[in-house]
Amino acid sequence: MKAFATENLAKLDGDIPLMRAVPFGVQHILAMFVANLAPIVIVASAAGLSDGQTGTLIQSAMLIAGIGTLIQLFPLWRVGSGLPIVMGISFTFVTVLCGIVATYGYNVAIGAIIVGGIIEGVLGLFARYWRRIISPIVAAVVVTSIGFSLLGVGAASFGGGNGAPDFGSPQNLFLGSVSLVSCLIFQVLAKGKTKQLSVLFGLIIGYAVALVLGAVDFSGFEGLGLFAFPQFMPFAPEFNLGAIVSVTLIFLVSATETIGDTSALTMVGLNREVKEKELSGSIACDGFVSSLSACFGCLPITSFSQNVGLVAMTKVVNRKAIATGAAIMILAAFLPVISAVFSSLPEAVLGGCTIMMFGNIIVSGFQMIARAGFTQRNILIAALSLAVGIGFTQVGDLFAVFPELIQSVFAQNCVAMVFLVAVVANLVLPKNIKVEGDPGAADSIQGDSPVEGAAGEGVASAGMPSQSVDAGDLARA
């Protein structure tokens, strides 16, 4: 094998042989593979899609993840950051999309994603004019609310999935428990970067046990060919204003995640501050590729911060190395057996693994709040937004006096409500709120920049906090 200077791995455009680059690309795929596909399975289940339809969407998810990563690595015009950012299907949208598909159908969700993605993409091109309104405390409470909103989703999967005839059966509870315990054992015993694979390990063990118990449905393998093309427009988009507003608000949340990941990556991988052009391109990629994703029937895409954590541990930022992983993902999209295996996964097995992911999102949110600082102002913003956002949406009748559009956006969507209250509070509360004994003598909101403490798909998807990067920068799915 051709020799090369290993220090080139730590350079964006270092010259390395293709075969030497492949292992580093594969490593990034393994770190995000499960988290990239799990949101599809959860939302497809809520929509009542067949195994065949779910398998098709999983194929598309791999294709979109590869395309999005390549655009981040090698920008098209002003879309893309030029940084080694790995993209994948976002957990952030799971709660709101589950509600939309259950109420209006999957086609309405696709229409909302197309419109919302375009809006985020355009906003990304002008990010310098608005991104400072999303301070670290705003990002922190939003991440915390995402974690709380997903707990019910994880619990439902653990029981076998909403509407399952055997929901809560001993077999489902056993499979969920096996997967969860397997994840935890691997997390405790594994060392270094291999901890990133704890969720994959849990899925493999859970799937094996499900095979022994006869709980795996093999109908999706019938008539399966060796190769298949992902379907373009498998669902005709339908447009509902309430759904569009709901999804667009979550796209703004996703933008804060991308800001955090992009900023963290330049700090830990390149030892410098992020450039405005890189932030703008990264958010634009997040939005426009999400719209493209919807055209293939898929969910929105975002940056994955467990891969930022991998960069922090390995210091490999070479774009060629990361691009080999993106290319492998694209090739995998044409192998239907991969999607068939994943779509045949019993939902209880998936629930056992994702429940740990979702719990980690909440913990990451708490860590981000601590990083933002326990000043009187930050405490007020966090307490108000979480109390109103999570509390009010538990009692949907509180919104009965509002127009139907407001109800459809906020009544059952705690993430959107928390985001709105946090942003408004951040804008209207005085910057210099102080009380005697306030630990933040300078009211350390870390400036107005969302760079520090912003969140990404991160530990939510990895099922673990990074050991090398501050959790506030890396706070899945």
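Values below: all heavy atoms of this structure, side chains included; hydrogens, waters and symmetry mates excluded.
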| request: Would you sort out whether L151 and F148 count as a side-chain contact (heavy atoms from CB on, under 4.5 Å), showing the intermediate values? | output: CA-CA 5 Å; L151 291 181; F148 279 117; 4.1 Å; yes
| field | Test side-chain contact (heavy atoms from CB on, under 4.5 Å) applied to I322 and F24, step by step | value | CA-CA 7 Å; I322 311 301; F24 297 98; 5.8 Å; no
| Under the side-chain contact (heavy atoms from CB on, under 4.5 Å) criterion, do F158 and L173 qualify, and how do the steps go? | CA-CA 7 Å; F158 196 97; L173 297 180; 4.0 Å; yes
| Does the side-chain contact (heavy atoms from CB on, under 4.5 Å) test come out yes or no for I42 and C98, once each step is laid out? | CA-CA 8 Å; I42 294 171; C98 281; 4.0 Å; yes
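The closest donor-acceptor contact from the side chain of D217 to the backbone of S344 lies at 3.5 Å or more, if one exists at all. Looking only at distances, a side-chain donor or acceptor of S246 sits under 3.5 Å from a matching main-chain atom of G242. Using a distance-only test at 3.5 Å, with no hydrogens or angles considered, a donor-acceptor pair links the side chain of S291 to the main chain of I118. Judged purely by atom type and a 3.5 angstrom limit, N318 uses its side chain to pair as donor or acceptor with the backbone of A321. Listed for the Q59 side chain is a donor-acceptor partner under 3.5 Å among the backbone atoms of A228. Judged by distance alone, the side chain of S385 and the main-chain N or O of V418 form no donor-acceptor pair under 3.5 Å. A donor-acceptor pair under 3.5 Å is formed between the side chain of T393 and the backbone N or O of I390. No donor-acceptor distance shorter than 3.5 angstrom exists from the side chain of E238 to the backbone of G111, with no hydrogens or angles considered. Of the possible donor and acceptor atoms, one in the side chain of N378 sits under 3.5 Å from a partner among the backbone N and O of A372. Panel note: side chain S149, backbone V415; no donor-acceptor pair is recorded below 3.5 Å.
Screening residues 61-72 for side-chain hydrogen bond (donor to acceptor under 3.5 Å, both in side chains), with sequence neighbours left out, gives Q72-S81, Q72-S282.
Atoms CG and CD1, from L386 and I369 in turn, are 6.0 Å apart once rounded to the nearest 0.5 Å. The CZ atom of F201 sits 11.5 Å away from the CG atom of L184 when rounded to the nearest 0.5 Å. Taking OG1 from T258 and CZ from F251, the interatomic distance works out to 10.0 Å, rounded to the nearest 0.5 Å. Rounded to the nearest 0.5 angstrom, N36 CG and I29 CD1 are separated by 10.0 Å. Rounding to the nearest 0.5 Å places OG of S90 at 7.5 Å from CG of D286. Separating the CD1 atom in I250 from the CG atom in L97 is a distance of 8.5 Å, to the nearest 0.5 Å.
For the pair G202 and C353, the tightest heavy-atom approach, listed with the atom from each and the gap, is C-SG, 3.7 Å. For L70 against A323, the heavy-atom pair with the smallest separation is CD2-CB, 4.0 Å. The shortest heavy-atom contact between V79 and I71 is O-CG2, 3.6 Å. Here the closest heavy-atom approach between residue I362 and residue T144 is recorded as CG1-O, 4.2 Å. In terms of heavy-atom proximity, P346 sits nearest to A210 at CG-CB, 3.6 Å.
For F174, the CZ atom sits in a loose shell: 12 or fewer heavy atoms of surrounding residues, nucleotides or ligands are nearer than 6.0 Å. Enclosure of atom CZ in F167 by more than 12 non-hydrogen atoms of other residues, nucleotides or ligands within 6.0 angstrom is indicated. Other residues, nucleotides and ligands contribute only 12 or fewer heavy atoms inside 6.0 Å of the CZ atom of F402.
For the pair L420/L249, no side-chain contact is recorded, criterion being any heavy-atom separation below 4.5 Å from C-beta on. Here the side chains of M87 and I67 are not in contact, with every heavy-atom distance at 4.5 Å or above.
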Considering only distance and modelled atom types, tabulate donor-acceptor pairs under 3.5 Å from the side chains of residues 44-54, sequence neighbours left out.
residue	atom	partner	partner atom	Å
S45	OG	E347	OE1	2.9
S50	OG	Q53	N	3.2
S50	OG	Q53	OE1	3.4
Q53	OE1	S50	N	3.0
T54	OG1	S50	O	3.0

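Every residue meeting the ring-ring contact (aromatic ring centres under 6.0 Å, His included) condition with Y106, not counting sequence neighbours, appears here in chain and number order: F235.
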